[in-house]
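Both backbone and side-chain heavy atoms feed into the values below; hydrogens, waters and symmetry mates do not. Note that this is a predicted model, so its numbers are computed, not measured.
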Amino acid sequence: MKTKKSQFITKTSVKALINSPRIMRQAGLSSEEMAKAEISRKTTELAGAFPYIFSIASSICETFPHLVKEYDHYYQLGTEADPITWELFQHYGIGKHKKQKHLFLVELKRLILENRPYWMPTGNGRMAFTQPFRIILIADERKIDGEELKRLKNTELADYVISGVILECYKPLFAGHFNGYRDGFIKQPAAWYAKIRKSVAGMIENKARFDGIAESGAEPENDMTALNVMKVWEYLALHDNGKGKTKTVNVIDMLSHVAPSYLQKGEYIRTEFIGSLFNALIALAKLTHEYRDELDFEITSLEVDQFDRAYAVNHGYREGTALFMVEALKHHLKAHNNTLILQVSRNGGPGHDRE
């Protein structure tokens, strides 16, 4: 069977996706820059806003560079005369997961109508407060303006005949696709967020603790969600050196990027969220196994020692159950200064199939 070719996302893009208010306050911005906008979840959390669109932009830049036009601050993908086809745009957003089309369209509509700037890395150690994307939808060989889009109900949008898209992307986030990946890149399958969401929905059916995913597009702040699973993956991939059979993870630093609300005073993980963290890692173990040919590493297991296991047994949990592992993990984090060891299996070196 032919191995699928991985898609690539630049490390600068991933850093933008896992920004958080805490990280931004540590970025050394000048008082003039700080005055541009409040640093908050609203102005930093790009992954929470557009998880599908980043996948599309990266995939098209990587796969169809001839469709990209370069301007001062943006790359333009498609033109009014020759837009990105709607079929291609959807393919790289949701792939075969058509049940997510409604969520995908809601995200797209919100991005176009809000047209809001965010704090983003520029790739040279600086930060910029600007729009990550500008999008124009084409129907019947004409642009769909904001007023027309605003009048459409979300349920109506799914049946609206869109023929193409013009997508403008903030250059520093995607420049790696055109400069030999000067800032590095990360391998992932196409439509990666759609695949993660599908897997998490399956875990919900099996009573794992993920809330608000299968039934609606809401992403609750205090529960592990598909979005947070994606951000955990991005953190692990961003901090991977391509070597060894284990990965050492500082859980506090990771959660400061992924889910700051899981932390107490920014220094300790709240005990009630250890189960959610465990479920996220289990979800990624399943996902990285399923798509191991398109990734640089697969998560095979989470290390807990004999003392962690004894602690779980002494608190009435039977080995081999999920609750046993959650209790063992609770002890492990306390005993090891919030550090985790993940066992990984590597599929060659970083970017080994990049040609």
Between [Y] and [X], does any NZ, NE, NH1 or NH2 come within less than 4.0 Å of an OD or OE carboxylate oxygen?
X	Y	answer
E234	K231	no
E148	R142	yes
K247	D240	yes

Validate the cation-pi geometry between K171 and Y74: distance from NZ or CZ to the six-membered ring centre under 6.0 Å, angle to the ring axis within 45°.
no
Using the ring-ring contact (aromatic ring centres under 6.0 Å, His included) rule, pick out the option among F178, F64, Y170 that qualifies with Y75.
F178
Give me the ring orientation class for F129 and W119: parallel if the planes are under 30° apart, tilted from 30 to 60°, perpendicular past 60°.
tilted
Please verify the inter-ring angle class for F297 with W233; under 30° counts as parallel, over 60° as perpendicular, anything in between as tilted.
tilted
Has K98 got more than 12 heavy atoms of other residues, nucleotides or ligands less than 6.0 Å from its NZ?
yes
Tell me, yes or no, whether the heavy-atom count around H239 atom NE2, taken from other residues, nucleotides or ligands under 6.0 Å, exceeds 12.
yes
Walk me through whether R309 and Q306 qualify under side-chain hydrogen bond (donor to acceptor under 3.5 Å, both in side chains).
CA-CA 5 Å; R309 295 178 182 279; Q306 59 181 330; over 6 Å; no
Kindly state whether the ring of Y92 and the ring of W86 have centres lying under 6.0 angstrom apart.
no
Ring center gap for F273 and Y262 short of 6.0 angstrom:
yes
Flag the pair T44 / Y118 as yes when at least one side-chain heavy-atom distance between them is below 4.5 Å, and no otherwise.
no
Backbone N/O of A285 and side chain of H289: donor-acceptor pair under 3.5 Å:
no
